[in-house]
Amino acid sequence: MNIHSESNRCLLCHEAPCTAACKKQGTDPARGIRSIRFENDHCTGLFFNSDTCADCDAPCQKACIHPDFPIRIQQMAQQVKPEETHIESQPSLAIDFCGIKCENPFFLGSSVIASSYEMIAKALSMGWGGAVYKTITFSDITEVSPRFDQVGKEGTPFVGFRNMEQLSVNTPEEDFAIISRLKKEFPTKVMVASIMGSNDEEWAKLAQMAQAAGADMIECNFSCPHMAAKGRGSDVGQNPDLVQHYSQVVKQAVTIPVIAKMTPNITHIEEPAIAAKEGGAEAGAAINTIKSITMKRRSEVAGKATVSGYSGKAVKPIAQRFILDMMKDPELADMPMSGIGGVESWRDAVQYIVLGCSNVQICTSVMQYGYRVIDDIKLGIQEWMKRKGYATLEDVRGKALSQFVSTDQMDRATFVLPVFKHDKCIGCGRCYISCFDGGHQAIRFDAEERRPHLIGRNCVGCHLCMLVCPADAIIAGKRVNKPSHCH
């Protein structure tokens, strides 16, 4: 049994019946399954005991409410290897972001997940380092229904997520009162006020109200992709002159740090980012959601559809490309950056940090899985840091930037052939189909044995076969020089 595939079947229940049924001290089946689901296999031994789980009658499994058949928790537990994981001796995740001390770099992104006192208080109590409050405005906001949709593939929901959510529906006075209360009750947490004005006076007034409420920082929303009014949101973010101007207006109105949130709905994101810096913004944030449409009856609003924002795991490669563009620009290399887009696991978060981000904002995964994702993000990164010998996140930040070069600098003289692990192969033939129909006809499939075989002279090392294999039965071999016939 593949424990990763099995963990993907788990419903991730609230107050999970499996954990409630387990009577073994120190064992938490639901938490163990989550650690596998969110790429924390090396920490699963904290929640499963393979020795004691092997001999019990599996009340956790009997309590499972999966509509098809119970998650095979006992078999999962037996495959878990005990690890030397000690929560009490983990490296610190504390950072300094624009002069503000943060106990960890993980903030709720500005959205519905950070739009009320109760929600944010719950998240901060669970271990989040801070929150970027849902964008505050003087405009009268009226939302549509429905306003969410998702894009899935092969049974996987939420590969991508589309939303038509706009700004806060509260008055500025109501929102800043909430920020003030949160800051008083959670003084060690970081509260960021996201704001959006329609003119100089509104931008300045909102900034001053944020500072008066005790906000640690201000995030200027130059990037919302679906504002009903023109000349706001991404309309501003696509215009470097406006970005510079409004950054300057806000910075001149307050003394606390200012973050400019960038739009991905642009070719060269570094241009408005430079403009924001020239206007006085101390940091950048990227990305906001990507303009998109979905064409489903269930997401129509009274029979109509519109362009709105796309987020979730699917946008992570795009978001990281924009971060790379900014971090590689000499004029922005020293500008602190908050990375946003597709973070579900600790690995996702680390990728933003090694690309140069000081801070990471998370939104869509919270909407799908809840604030509890912070548990595996923090623990996973701390275990990774400990294994690698990193004392602080600053030791890690930007380490991947040197790996990225222009396409003309890529090695084109060598390649890596795939290696077939026949002991793991299940004989589905997916590799053969993809290689023949979409690759280089470099795989022969023995229908009698139900086994693929590599045709070395045809293989170019593209690794399409590895990507489609459902059993992880194809791995990369050694990098070698290309033969003369291979282009």
Side-chain angles (χ1 to χ4, degrees), residues 3-4 26 31-32 34-50 79-107 126-130 188 190 283 316-317 319-320 323-324 326-328 333-362 365 372-405 411 416 472 475-476 478-479:
I3 62 173
H4 298 97
R31 184 74 175 82
R34 273 170 47 207
S35 69
I36 297 169
R37 177 77 158 265
F38 295 112
E39 304 181 55
N40 245 349
D41 305 36
H42 49 281
C43 298
T44 307
L46 286 168
F47 315 107
F48 281 144
N49 186 316
S50 56
Q79 292 189 42
V80 170
K81 297 178 180 179
E83 298 286 350
E84 291 296 322
T85 301
H86 304 287
I87 292 178
E88 67 275 7
S89 61
Q90 298 290 8
S92 170
L93 295 177
I95 64 162
D96 181 298
F97 188 49
C98 296
I100 305 297
K101 301 296 182 184
C102 313
E103 61 183 59
N104 68 65
F106 308 116
F107 289 10
M126 292 177 72
W128 290 80
T188 64
V190 179
K316 187 182 74 167
Q320 291 180 345
I323 293 292
L324 179 68
M326 289 187 286
M327 291 292 92
K328 282 283 195 177
D334 62 344
M335 188 179 191
M337 195 64 59
S338 181
I340 313 166
V343 176
E344 291 186 359
S345 73
W346 68 269
R347 292 184 191 275
D348 299 326
V350 162
Q351 289 172 5
Y352 279 97
I353 295 169
V354 298
L355 280 173
C357 292
S358 302
N359 170 266
V360 179
Q361 294 184 39
I362 302 168
S365 63
R372 58 188 173 171
V373 296
I374 193 63
D375 296 338
D376 278 296
I377 290 173
K378 287 167 59 179
L379 181 59
I381 288 184
Q382 287 175 316
E383 281 296 301
W384 175 78
M385 290 171 65
K386 192 161 59 175
R387 292 197 310 273
K388 296 290 186 179
Y390 297 124
T392 70
L393 286 173
E394 193 58 30
D395 298 335
V396 179
R397 192 171 65 83
K399 274 193 170 292
L401 289 173
S402 62
Q403 296 175 353
F404 289 89
V405 297
D411 178 357
V416 179
D472 295 326
I475 63 173
K478 294 181 179 179
R479 181 169 290 278

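Here the CD1-CG distance, from Ile353 to Leu393, works out to 5.0 Å after rounding to the nearest 0.5 Å. A distance of 7.5 Å separates OG in Ser345 from CD in Gln351, rounded to the nearest 0.5 Å. For the atom pair Ile362 CD1 and Ile377 CD1, the distance stands at 3.5 Å (nearest 0.5 Å). A distance of 8.0 Å separates NE2 in His4 from CD in Glu39, rounded to the nearest 0.5 Å. For the atom pair Arg372 CZ and Met126 CE, the distance stands at 8.0 Å (nearest 0.5 Å). Between Met335 atom CE and Cys98 atom SG the span is 8.0 Å, to the nearest 0.5 Å.
Within a 6.0 Å radius of NZ in Lys328, more than 12 heavy atoms belonging to other residues, nucleotides or ligands are found.
Arg397 places a side-chain N or O within donor-acceptor distance of the main-chain N or O of Gly356, the cut-off being under 3.5 Å. Between the side chain of Glu103 and the main chain of Gly129, no donor-acceptor pair closer than 3.5 Å is present.
Applying the salt bridge (charged side-chain N to carboxylate O under 4.0 Å, His left out) criterion to Asp376, with sequence neighbours excluded, gives Arg31. Legend: residues meeting side chain to side chain donor-acceptor pair (under 3.5 Å) with Ser35, ordered by chain and number and at least two apart, are Thr44. Applying the salt bridge (charged side-chain N to carboxylate O under 4.0 Å, His left out) rule to Arg479 yields no partners; only residues at least two apart in sequence or on another chain are considered. In this structure, the salt bridge (charged side-chain N to carboxylate O under 4.0 Å, His left out) partners of Asp96, at least two apart in sequence or on a different chain, are Lys101. Listed by chain and number, the residues in a side chain to side chain donor-acceptor pair (under 3.5 Å) with Asp375 are Arg34 (sequence neighbours excluded). With sequence neighbours left out, the salt bridge (charged side-chain N to carboxylate O under 4.0 Å, His left out) criterion links Lys378 to no other residue.
Nearest heavy atoms, Asp348 versus Gly342: OD2-O, 3.6 Å. What you find for Pro105 and Asn359 is that their closest heavy atoms are O-ND2, 2.8 Å. Looking at every heavy atom in both residues, Cys357 comes nearest to Ser338 through SG-C, 4.3 Å.
Side-chain contact between Phe106 and Val343 is absent, with no heavy atoms from C-beta onward closer than 4.5 Å. Counting heavy atoms from C-beta outward, Ile381 and Asn104 have side chains that stay 4.5 Å or more apart. Contact check for Phe47 versus Val80: no side-chain heavy atoms found under the 4.5 Å cut-off. Glu344 has its side chain out of reach of Val373: every pair of non-hydrogen atoms, C-beta onward, lies at least 4.5 Å apart. Within the 4.5 Å cutoff, no side-chain heavy atoms of Met337 are placed close to those of Tyr352.
Taking the six-membered ring where tryptophan is involved, the planes of Phe97 and Phe107 are perpendicular, since the angle between them exceeds 60° and thus also 30°. Using bins of under 30°, 30° to 60° and over 60° for the plane-to-plane angle, the ring pair His42/Trp346 lands in the perpendicular bin.
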Worksheet entry | Step-by-step side-chain contact (heavy atoms from CB on, under 4.5 Å) determination, Met327 to Phe404 | CA-CA 11 Å; Met327 291 292 92; Phe404 289 89; over 6 Å; no
Discussion item. Applying side-chain contact (heavy atoms from CB on, under 4.5 Å) to Met385 and Asp395, what does each step give before you reach the verdict?
Written reply: CA-CA 9 Å; Met385 290 171 65; Asp395 298 335; over 6 Å; no
Fill in: side-chain contact (heavy atoms from CB on, under 4.5 Å) between Val360 and Ile340, worked out
CA-CA 6 Å; Val360 179; Ile340 313 166; over 6 Å; no
